[in-house]
Every structure is written in structure tokens, then in C-alpha cells.
Amino acid sequence: MASKHQPSSLAVLLTRYDRLLIVVALLTGVCSWFLVRQFQPRGETVEIHAGEMLFARYALHHYQLVQVPGPRGVTSVMIDRNGVRVLASPCPGKECVHSGIVRRSGQMIVCVPNRVVIKIVARKDLPWDMITQ
Amino acid sequence: MAVLITAGLLLFLFESLIPRPLPWAKPGFSQMVTLIALYLWGWREAVTVVAARVSLAALIAGSFAGPAFWIALPSGICAALIMAGCRAVAGERLSIIGISMIGALTHNLVQLVAAWLLLVQQPQIFYLFPLLWLPAIVTGILVGWLAHASLTLLHRVSPSWGTNRA
């Protein structure tokens with residue numbers, strides 16, 4: 001009696017509709033990823049670290065120009081309703097300036113040469129609290 | 001059926017021992033048992049197996065009738081029912097792997113909705129959706145493949161087993 005369940009590789013097993021389903025599911029996942037990002041809450045606070053120290057902490061909504069001192073000079077940071085960006089930096093590569101605007105919690109701008117770290121933090125990060133069976 | 005429930009429990013215990021690279025994703029190997037029950041017998045048996053498995057697993061883990069249990073039970077049952085429905089509708093067009101993937105995705109979706117209704121009651125919980133959905137595609141395929149391999153073995157050992165052969 002020939003069994004329908006023969007051992008075979010994934011490529012043989014998958015039907016055309018299986019493949020279609022995988023593609024659709026992947027697309028749904030990726031689209032939802034971007035959709036969710038749109039709705040994600042903005043960070044609440046921006047922390048600016050200079051070297052090892054927390055230099056300043058500001059609410060994200062008020063306009064503010066901050067001069068952060070570092071070993072190479074002063075990094076100018078602008079905070080406004082759109083987010084946080086580095087306006088000018090004494091570092092050679094200007095990576096921090098080119099990082100553009102950050103606004104979502106978890107995002108950061110780092111200037112290694114001038115030892116400035118700008119971090120967006122949420123009011124609280126929700127930890128997961130249980131695991132289902 | 002009892003054998004399958006036990007196997008599901010063992011898989012669940014085994015699964016809780018292996019480390020997880022992503023804390024929110026779980027391979028869901030015990031879903032394999034639901035699939036096997038579905039392909040061997042039918043939807044009633046699949047639902048019975050998953051309900052018994054989740055209840056016993058909750059007893060072992062000490063979370064019976066707690067919130068985690070009330071999330072896991074409907075997800076498992078819905079996944080089993082949807083898999084049975086899709087299998088009946090699609091017939092030969094979807095292989096066991098496709099069905100398994102549908103099951104995994106359903107499971108995650110219902111889990112989120114249940115968590116939303118029971119626990120969090122904030123729509124923010126759906127921010128987790130892509131984090132659950134994308135791994136579920138992978139684990140769904142993997143589990144379907146394993147279930148296929150198990151069914152192959154079962155049929156080789158005892159070709160007359162099961163009443164509802166695909």
C-alpha cells in the first residue's frame with residue numbers, strides 16, 4: 001500500500017499554493033512592520049551623554065539648543081518638535097550630523113570622536129511578563 | 001490519542017529547556033502533535049489533543065487557569081480549527097507545510113487578540129504583531145516539515161493507522 005507520506009525535501013513537498021502562501025505571509029509581515037513603526041509612540045525624553053557622564057536630559061517637545069562639550073570641542077544639538085539632531089560637530093567624519101533626526105525611543109546618535117551619545121528613551125520600557133504554553 | 005498528547009507534553013517540556021535566541025519567539029514544536037492528529041484522524045481529535053495538551057502543560061508549569069492558560073487555550077483551539085478548515089477547503093493544493101504555517105500564524109494572531117482582551121487592553125500590544133508574525137512563518141514551515149516526517153515514519157511502521165488519510 002503506497003503511502004502518501006514519502007520522505008522528501010522541502011522543495012519537493014511545497015506546492016504552488018504553499019509558496020504563494022509563504023510569499024503573502026512574508027509580505028504581510030514586512031508591511032505590518034513598517035505600519036507599526038508609523039504608529040510607534042515617540043520617545044519621551046532625550047538623554048545626552050558626554051563621555052561617561054549624563055550631561056543633560058530634556059523632554060522631547062520643547063525647542064532647545066544644547067552645546068555639549070567634548071575632547072574635540074563643542075557639539076551642537078538641536079531638539080525640537082521633529083526630534084533631535086546634531087547641527088554641528090568638531091569631529092572629522094561628521095557621522096553624527098549625517099545621522100539626521102531621531103525621534104523614536106531606542107534610537108540614538110553617537111559621535112565617537114567627541115564622545116557624545118544622544119539617546120531617545122521612552123518613559124518606561126515595557127518588559128514581557130509571562131510566557132504562554 | 002493519549003500517546004500523541006503525551007508526545008506533545010514531552011515536546012513542550014523539551015522546548016522549554018532549549019535556549020531561545022529571541023525571547024518573544026518559540027518554535028512551537030508541540031503544534032506538531034496537533035497536526036499529526038489532524039492528518040491521522042480529523043478536526044475533533046486535533047482539538048481534543050491540543051486542549052488536553054495545553055491543560056496538562058499548564059498543570060505541569062503551574063499556570064493552570066491563569067492568564068497565560070486562557071491565552072494559550074483559545075489560540076491552540078483556533079489554530080487547530082482553522083488548520084482543519086483550510087485543509088478541507090484547499091485539499092491537495094496546500095501541503096501539510098502550508099497548513100502548518102496557517103496554524104502557526106493563526107496561533108499568534110489569536111494569542112495577541114486574547115492577550116489584548118484579557119490582559120493589556122491597550123491597542124499598543126499590536127506593535128508586537130510583526131515580531132510574532134515573521135518568526136511564525138519560519139517555525140510553521142519547520143513544524144510542518146517535521147510533522148510530515150513523523151507521519152511518514154508512522155505510516156511506515158503501521159500503514160493501517162489512522163482513518164483520515166490525506
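Because the structure is predicted, anything quoted here is derived from the model rather than measured. Residue numbers begin at 1 in each chain, while the letters A, B, ... track the order of the sequences.
- Hydrophobic clustering (side-chain heavy atoms under 4.5 Å, transitive across Ile, Leu, Val, Met, Phe, Trp, Tyr) keeps B:V138 apart from A:W33.
- A donor-acceptor pair is defined here as one N or O able to donate and one able to accept, closer than 3.5 Å; no such pair exists between the side chain of A:D18 and the backbone of B:L94.
- When every heavy atom of B:P130 is checked against every heavy atom of A:G29, the shortest pair comes out as CB-O, 3.9 Å.
- If you take OG on B:S95 and CZ on A:R19, they are separated by 9.0 Å, rounding to the nearest 0.5 Å.
- Following chains of ILVMFWY side-chain contacts shorter than 4.5 Å, one can reach A:L26 starting from A:L14, so the two form part of one hydrophobic cluster.
- Residues A:L60 and A:I101 do not share a hydrophobic cluster, clusters being chains of Ile/Leu/Val/Met/Phe/Trp/Tyr side chains in contact below 4.5 Å.
- Neither the backbone nor the side chain of A:L20 comes within less than 4.5 Å of any heavy atom of chain B.
- Here the side chains of A:I22 and B:M101 are in contact, with some heavy-atom distance below 4.5 Å.
- Under the 3.5 Å distance criterion, the side-chain polar atoms of B:W133 are matched with a main-chain donor or acceptor of A:A25.
- With rounding to the nearest 0.5 Å, the separation of CD1 in B:I97 from OG1 in A:T15 is 9.0 Å.
- Counting heavy atoms from C-beta outward, B:F129 and A:L35 have side chains that stay 4.5 Å or more apart.
- The cluster map of Ile, Leu, Val, Met, Phe, Trp and Tyr, joined by side-chain heavy atoms under 4.5 Å apart, puts A:F55 and A:V116 in the same cluster.
- Cluster partners of A:V117 are A:M108, A:V110, A:V112, counting Ile, Leu, Val, Met, Phe, Trp and Tyr whose side-chain heavy atoms approach within less than 4.5 Å, directly or via other members.
- Contact detail for A:L21 and B:G98: the closest heavy-atom pair is CD2-O, 3.5 Å.
- Through direct or indirect side-chain contacts shorter than 4.5 Å among Ile, Leu, Val, Met, Phe, Trp and Tyr, A:M78 is connected to A:Y63, A:L65, A:L87.
- The hydrophobic cluster containing B:V110 does not contain B:M83, counting ILVMFWY residues as joined when their side-chain heavy atoms lie under 4.5 angstrom apart, directly or transitively.
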